[in-house]
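To start, the structure under review is shown below, and the notes come after it.
A note on names: the letters A, B, ... follow the listed sequences, proteins ahead of strands, and every chain is numbered from 1.
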2 protein chains.
Amino acid sequence: MSDRMIRLLLADDEELLRGALSSLLDLEDDLRIVAEAATTTDAVRLADQHRPDVAVLDLEMPPTDGLHAAGQILARADGTPPRIILVTRHARPAVLRRALAAGVSGFVPKSTPAARLAQIVRDVAVGHRYVDPEIAASALTENDCPLTDRELEVLREARTGSPVSDIAAAVHLAPGTVRNYLSSAMAKLGVATRHAAAHKAWEEGWI
Amino acid sequence: MSDRMIRLLLADDEELLRGALSSLLDLEDDLRIVAEAATTTDAVRLADQHRPDVAVLDLEMPPTDGLHAAGQILARADGTPPRIILVTRHARPAVLRRALAAGVSGFVPKSTPAARLAQIVRDVAVGHRYVDPEIAASALTENDCPLTDRELEVLREARTGSPVSDIAAAVHLAPGTVRNYLSSAMAKLGVATRHAAAHKAWEEGWI
DNA sequence: GGGGCTTGATGACATCTGTCATACGGGCTC
DNA sequence: GAGCCCGTATGACAGATGTCATCAAGCCCC
């Protein structure tokens, strides 16, 4: 039996969800949780240590995020890497694209019925991919992020409401340059202040 | 047996969590889920209809929020109202205070182990109150929100990055007055821009 | 009724922001 | 090498923002 068992790593910072999912998945005869993590650091370490068949990672997890952890897990595995399923609350097409590019096998929003998760795990374990149909559809129709890397970078810093001088210091650019980037980002997003731009970019999942 | 059964309403907009919790709690012999909801509107309607003993409500739920729903459920029950347990991701002392004032019986962060939830439900069902010790402690030590109602109101509008003129229109005040309120809010929070003030107030759970 | 407090408003001023034209250097391609 | 983007930087200018002093109206309290 043990070679037909699917060995799982489960990582989510919310104990409530992780605990509930863990019990639920463990009820399945062919699934076994071999490790649980609440941080990305632990997730990467435990994946190294336990070599699970499938890793179910929450996207929103400290200290970095699930996507970052996925990249590390895939990069560090020296044999066959685990298949990775990302679970997320705010399922944005932009993130889906990045996830697939990083080699993730499954992309599941938290609006998925719990009962279906076991089946998705099985599918992914045998090499299939699973992407939530809803998100896939919007990823195909939605227009891409129009912002350049630099624009995104300054917007990220602008999110907390810092003045231009602080942003400039944080990204190592001249204040005037920062204003140029902010200005063009605002124009592209059709808003009147850089804070509105940061807010919008954040809502879209671009930063 | 049926009079010893605790009848539960479970409301959370995340299918994944709601489904997992539902299966988990239903495994307990003395608990039975009688209704599930994904919105506050449904939660209120189903509470009216099914008269559960305990309602477990997520705080972050569309279209309003769990606290609002709790108030409505308590106000509309004409016999003995259901006991209410609020579950939340971002457990902030300010919210805890408002919840207790509204007559909520339990306050549980999502960092609580899933296994403990059943016991909390039982405690609350017999009339006890449960408050997460961690949050209770910070609620007692943490200093209150220093902002006035008006300051909070303008900060709420400032969150999306709107210019002063828009905020003024939204709260029906003169632009100059709005700037005064923003200015004093910024001074109280020790930040340099109104956007930083809005960000901070948001982080603290004040808006 | 007078004094004091609170809420909303106004105007003046310094500073910060957003816009735009422009410039410089490093890679590209031709 | 000439021409051409691209990223970065600067300066100038209008308008928005933050600060502050002040004022009018309403309200409470004695």
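- When distances run from any side-chain atom of A:S183 to the nucleotides D:dG18, D:dT10, C:dG18, the shortest one goes to C:dG18.
- Counted within 6.0 Å of CD on B:Q119, heavy atoms from surrounding residues, nucleotides or ligands total more than 12; the atom is thus considered enclosed.
- Comparing the start and finish of the helix from C:dG1-D:dC30 to C:dC30-D:dG1, five pairs each, the helix axis swings through 30°, to the nearest 10 degrees.
- One N or O on the side chain of B:T193 and one on the backbone of A:G161 form a donor-acceptor pair closer than 3.5 Å.
- For residues 154-177 of chain B, the set of pairs meeting the salt bridge (Lys or Arg N to Asp or Glu O under 4.0 Å) definition, not counting sequence neighbours, is empty.
- The nucleotide whose nearest atom lies closest to any side-chain atom of A:Y181 is, among D:dG7, D:dA9, C:dT7, D:dG7.
- Using a 4.0 Å cut-off, no side-chain N or O of B:R150 falls inside it from OP1 or OP2 of C:dT7.
- Ranked by how close their nearest DNA chain C nucleotide is to the 5' end, B:R179 and A:G176 are led by B:R179.
- OP1 or OP2 of D:dA9 lies within a sub-4.0 Å distance of a side-chain N or O belonging to A:T177.
- Rounded to whole angstrom, the span from the CG atom of A:L173 across to the P atom of D:dT8 amounts to 6 Å.
- Contact check on B:R18 versus B:E36 returns a salt bridge, with a Lys/Arg side-chain nitrogen under 4.0 Å from an Asp/Glu carboxylate oxygen.
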So B:L17 and B:V87, side-chain contact (heavy atoms from CB on, under 4.5 Å) or not? Walk me through it. CA-CA 11 Å; B:L17 180 57; B:V87 178; 5.5 Å; no

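- Listed nucleotides: C:dA9, C:dG18, D:dT17. Nearest to the side chain of A:R194: C:dG18.
- Checked for salt-bridge contact, B:D48 and B:R76 meet the test: a charged N lies under 4.0 Å from a carboxylate O.
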